[in-house]
Number of protein chains: 2
Amino acid sequence: MRLSARSEYGLRALAALAGREAAEPVPLRELAHTEGLSEQFLEQIFMELRKAGFVSSTRGAHGGYTLARRPEEILIFDLLETLEGDLAPYECVATDQPECVQVPFCVTRQVWLKLRESMQQAIGTMTLAEIASTRTWETVSR
Amino acid sequence: MRLSARSEYGLRALAALAGREAAEPVPLRELAHTEGLSEQFLEQIFMELRKAGFVSSTRGAHGGYTLARRPEEILIFDLLETLEGDLAPYECVATDQPECVQVPFCVTRQVWLKLRESMQQAIGTMTLAEIASTRTWETVSR
DNA sequence: TGGAATCCTGAGCCAATCACTCATGATTGA
DNA sequence: TCAATCATGAGTGATTGGCTCAGGATTCCA
């Protein structure tokens, strides 16, 4: 029942991006260094984030990543769904999952559903902007 | 971000136990068969449940397991915390975890905290009795 | 009193996943 | 043309999950 480290890293890195005033692209190396991560690992995470439309990239010298949308428009929930694949506590309540046959009789489904709904409600309106207002340069010991 | 299958199995099995009118011990073999599980695997789960005080066991012929408390007194949240070890989306908000040094600056902690609280709130008052009222003999395809 | 039914315990195993690293290529600016 | 950057895919070592296997301990009952 743990989120993966990708979520932590991705969230922190995006918050760091959001904290920049200038709209200049930030090279991955810099972000990775701040977070105490290898550039290559963070690269993988940013690939996903780019494909999902959270950041855009500029290649070449003076390139890097920028937020593709304003921090106020980025929902933590969406971010986590991207990084985790899915924010469901159990397979049978995943978004793309076809309902299993026994739904009307299933004891556990109601629990998983309620859990999922509560999570969605909790962070469904939280934006990157809210979060990024706490300073983030520090790295976290794991 | 998935719960383990132990949770599903444990929950279903306890619900099945709760569904029995008679207070006679139910042998594991019977429960395992109903759930379509190996006896030995369910045994491991019931060990935990017994140690945590959810069920009590009777050895020997005509032995088996019974609920140690009334279904109305068994909280799903407690059950899941037992089966999952901990219901925290991230290490740093686990119950026994000492606060990490950077708390006041940490961007992500607030997210994990909120997630955890919402889950607790969602199922914190749900009891086994509520759940067990849906019939449970059916097995679920995974 | 012995054997069958049950719970109890610990070890082991295989496949999947996680958190990365390695190697190399493609694009762009100066 | 070269250095800085992103892009991509393969590989790897450790951990975890979901079990199985093997055998023991306790209790009931004929």
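Because the structure is a prediction, the values reported are computed rather than measured. Proteins come first, then strands; the chains are lettered A, B, ... in the order of their sequence lines, and each starts at number 1.
Following rounding to the nearest Å, B:F46 (CZ) and C:dT6 (C1') show an atom-to-atom distance of 14 Å. As rounded to whole Å, 15 Å separates atom P of C:dC8 from atom CD1 of B:I45. Atom-to-atom, CD of B:E84 to P of D:dT16 comes out at 14 Å; the value is rounded to the nearest Å. One can place CZ of B:R6 at 14 Å from P of D:dT16, the figure rounded to the nearest angstrom. The distance from atom CD of A:E48 to atom C1' of D:dG9 is 15 Å, rounded to the nearest whole Å. Atom CD of A:E8 and atom C1' of C:dA19 are 14 Å apart (whole Å). One can place CD of A:E35 at 15 Å from P of C:dA19, the figure rounded to the nearest angstrom. At whole-Å resolution of the value, NZ in A:K51 and P in D:dC6 are 15 Å apart.
Taking only side-chain nitrogens and oxygens, B:R50 comes nearer than 4.0 Å to OP1 or OP2 of C:dT9. Taking only side-chain nitrogens and oxygens, A:S38 never comes nearer than 4.0 Å to OP1 or OP2 of C:dC20. Within the structure, every side-chain polar atom (N or O) of A:Y9 is placed at least 4.0 Å from both OP1 and OP2 of C:dC18. Residue A:S57 has no polar side-chain atom (N or O) positioned under 4.0 Å from OP1 or OP2 of D:dT5.
Across all strands shown, B:L28 has heavy atoms under 4.0 Å from sugar-phosphate atoms exclusively, and none from any base.
Remark on DNA chain D: of its neighbouring residues A:M1 and A:Q44, the 5'-side contact belongs to A:Q44, judged by nearest-heavy-atom nucleotide.
Here the side chain of A:F41 is nearest to one of C:dC7, C:dA19, C:dC8, namely C:dA19.
For A:E91 and A:R116, the salt-bridge test fails: no basic side-chain N is under 4.0 Å from an acidic carboxylate O. Between B:K114 and B:E117 no salt bridge is recorded (no basic side-chain N to carboxylate O distance below 4.0 Å). The existence of a salt bridge linking B:R2 and A:E84 is excluded, since no basic side-chain nitrogen approaches an acidic carboxylate oxygen closer than 4.0 Å.
Taking each heavy atom of B:A15 and A:V107 in turn, the nearest pair found is CB-CG1, 3.8 Å. Closest non-hydrogen pair, B:Q110 versus B:C106, comes out as NE2-O, 3.8 Å.
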Hey, what are the protein-to-nucleotides 23-30 of chain D N/O distances that come in under 3.5 Å?
residue : atom : partner : partner atom : Å
D:dT26  : O4'  : B:R59   : NH1          : 2.6

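For the pair B:E8 and B:L3, the minimum side-chain heavy-atom distance is 4.5 Å or more.
A donor atom on one side chain and an acceptor atom on the other are not found under 3.5 Å apart for A:T127 and A:E72.
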